[in-house]
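Down below is the structure, laid out as structure tokens.
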Amino acid sequence: MADTQWNGEPCGARRITAIVADDGRFPMYWARHLVGTRRNIVEVVYGGETFYLDDEDGSGWNKVTHGGSPHWTHSSITIVPDSIQPRPRQLADPDKPCLHEHFDAFVGVARITASDTDPTVVGYAAEVKVSCRDCDEPFRWTGVPAGVSPRQPMCSVDETELRAPLRPASADPDFGMGLPGFAVGYRGADR
């Protein structure tokens with residue numbers, strides 16, 4: 001079971017399906033065209049309140065499993081309360097391996113500042129994770145060294161997150177090159 005958080009604090013969260021309801025509080029409610037349809041939803045219980053995140057693209061679950069911070073986007077959604085149903089984990093035959101036919105890709109862009117006290121942006125990095133939507137298995141990046149570098153893409157030690165430096169198209173080609181990094185080295189059995 002995944003560790004779920006909202007604003008960096010533990011919260012209850014579960015994946016469900018529910019029917020979308022209208023939300024009269026917002027004249028320009030983003031999901032009005034979906035009212036009456038059943039969608040994948042994440043139910044979040046935090047601070048004594050229950051609220052719902054759209055999860056049709058996996059973004060709701062991604063948010064609560066990545067700390068629940070504003071860094072990860074989400075779309076709040078209003079549901080018909082008595083329409084909640086558990087979401088099937090996997091529609092495929094559980095006696096056969098998953099075919100990995102549907103995927104979720106989560107991309108975050110980090111702004112790297114000079115220091116905690118100096119907000120000057122000195123670089124950017126894309127953080128990319130991919131998992132199977134049907135079985136939740138994470139995918140691993142191959143051929144990418146583990147670590148962090150302002151010069152080349154690298155991955156997390158468990159190989160599930162690609163960390164790639166990037167710069168605005170209008171920036172100098174050496175933008176961000178003065179940043180420190182690290183690499184994880186390992187030796188084969190023959191050394």
Side-chain angles (χ1 to χ4, degrees), residues 1-92 100-113 116-117 119-121 123-139 156 160-164 166-171:
M1 176 170 251
D3 177 34
T4 55
Q5 297 182 333
W6 191 259
N7 291 329
E9 297 179 356
C11 72
R14 65 179 178 145
R15 295 187 224 194
I16 60 171
T17 67
I19 296 175
V20 179
D22 198 357
D23 192 325
R25 298 174 297 169
F26 305 106
M28 301 296 290
Y29 179 44
W30 77 269
R32 186 155 286 128
H33 67 288
L34 299 170
V35 169
T37 63
R38 181 167 292 281
R39 288 184 62 91
N40 289 331
I41 306 287
V42 173
E43 178 186 66
V44 180
V45 179
Y46 173 76
E49 295 192 26
T50 302
F51 51 95
Y52 303 93
L53 309 177
D54 184 62
D55 197 42
E56 201 65 24
D57 62 357
S59 63
W61 191 247
N62 184 54
K63 180 164 184 111
V64 298
T65 57
H66 286 88
S69 77
H71 178 77
W72 300 98
T73 61
H74 73 279
S75 298
S76 296
I77 197 161
T78 303
I79 65 163
V80 176
D82 61 354
S83 71
I84 294 174
Q85 294 180 358
R87 194 181 320 173
R89 274 281 292 168
Q90 186 173 334
L91 300 176
H100 303 309
E101 295 179 318
H102 305 100
F103 308 94
D104 288 319
F106 306 106
V107 180
V109 177
R111 298 174 75 225
I112 302 166
T113 58
D116 289 340
T117 58
T120 304
V121 175
Y124 299 90
E127 301 159 342
V128 184
K129 287 186 161 198
V130 177
S131 63
C132 176
R133 180 174 291 171
D134 298 322
C135 72
D136 288 334
E137 182 176 1
F139 275 64
S156 58
T160 61
E161 182 177 83
L162 179 70
R163 300 167 178 163
L166 68 160
R167 62 182 167 85
S170 61

Heavy-atom pair with the smallest gap, counting every atom of [X] and [Y]:
X: Val42; Y: Gly60; answer: CG2-C, 3.8 Å
X: Cys11; Y: Val44; answer: SG-CG1, 4.0 Å
X: Arg32; Y: Pro27; answer: NH1-O, 2.7 Å
X: Val45; Y: Thr50; answer: CG2-OG1, 3.7 Å
X: Ser156; Y: Arg163; answer: CB-NH2, 3.5 Å
X: Tyr46; Y: Pro10; answer: CD1-O, 4.0 Å

Original post:
Does the side-chain contact (heavy atoms from CB on, under 4.5 Å) test come out yes or no for Trp61 and Asn40, once each step is laid out?
Top reply: CA-CA 10 Å; Trp61 191 247; Asn40 289 331; over 6 Å; no
From [X] atom [atom1] to [Y] atom [atom2], the distance as rounded to the nearest 0.5 Å:
X: Arg15; Y: Ile41; atom1: CZ; atom2: CD1; value: 13.0 Å
X: Arg39; Y: Thr17; atom1: CZ; atom2: OG1; value: 12.0 Å
X: Asp55; Y: Arg87; atom1: CG; atom2: CZ; value: 4.5 Å
X: Leu162; Y: Phe139; atom1: CG; atom2: CZ; value: 15.0 Å

Original post:
For Val80, what residues pass the side-chain contact (heavy atoms from CB on, under 4.5 Å) criterion, not counting sequence neighbours?
Top reply: Ile19, Ala21, Asp82, Ser83
Original post:
Do the rings of Phe106 and His66 sit parallel, tilted or perpendicular, given the 30° and 60° boundaries?
Top reply: tilted
**OP:** Please state whether the rings of Trp6 and His74 are parallel, tilted or perpendicular, taking 30° and 60° as the class boundaries.
**Re:** perpendicular
Any [X] side-chain heavy atom under 4.5 Å of [Y] side chain:
X: Val64; Y: Leu53; answer: yes
X: Glu56; Y: Ile77; answer: no
X: Thr78; Y: Phe26; answer: no
X: Lys63; Y: Thr73; answer: no

Original post:
For Asp54 and Trp30, what are the C-alpha separation, side-chain angles and deciding distance, and is it a side-chain contact (heavy atoms from CB on, under 4.5 Å)?
Top reply: CA-CA 11 Å; Asp54 184 62; Trp30 77 269; 3.8 Å; yes
**OP:** Decide if atom CD of Glu101 counts as having more than 12 heavy atoms of other residues, nucleotides or ligands within a radius under 6.0 Å.
**Re:** yes
Subject >> Ser131: partners by side-chain hydrogen bond (donor to acceptor under 3.5 Å, both in side chains), with sequence neighbours left out >> reply: none
Original post:
Looking at residues at least two apart in the chain, or sitting in another chain, which of them share a side-chain hydrogen bond (donor to acceptor under 3.5 Å, both in side chains) with Ser170?
Top reply: none
Original post:
Does Ser59 offer a backbone N or O that forms a donor-acceptor pair with the side chain of Asp57 under 3.5 Å?
Top reply: yes
Apply salt bridge (charged side-chain N to carboxylate O under 4.0 Å, His left out) to [X] and list each qualifying residue two or more places apart in sequence or on a separate chain.
X: Asp23; answer: Arg25
X: Arg38; answer: none
X: Arg111; answer: none

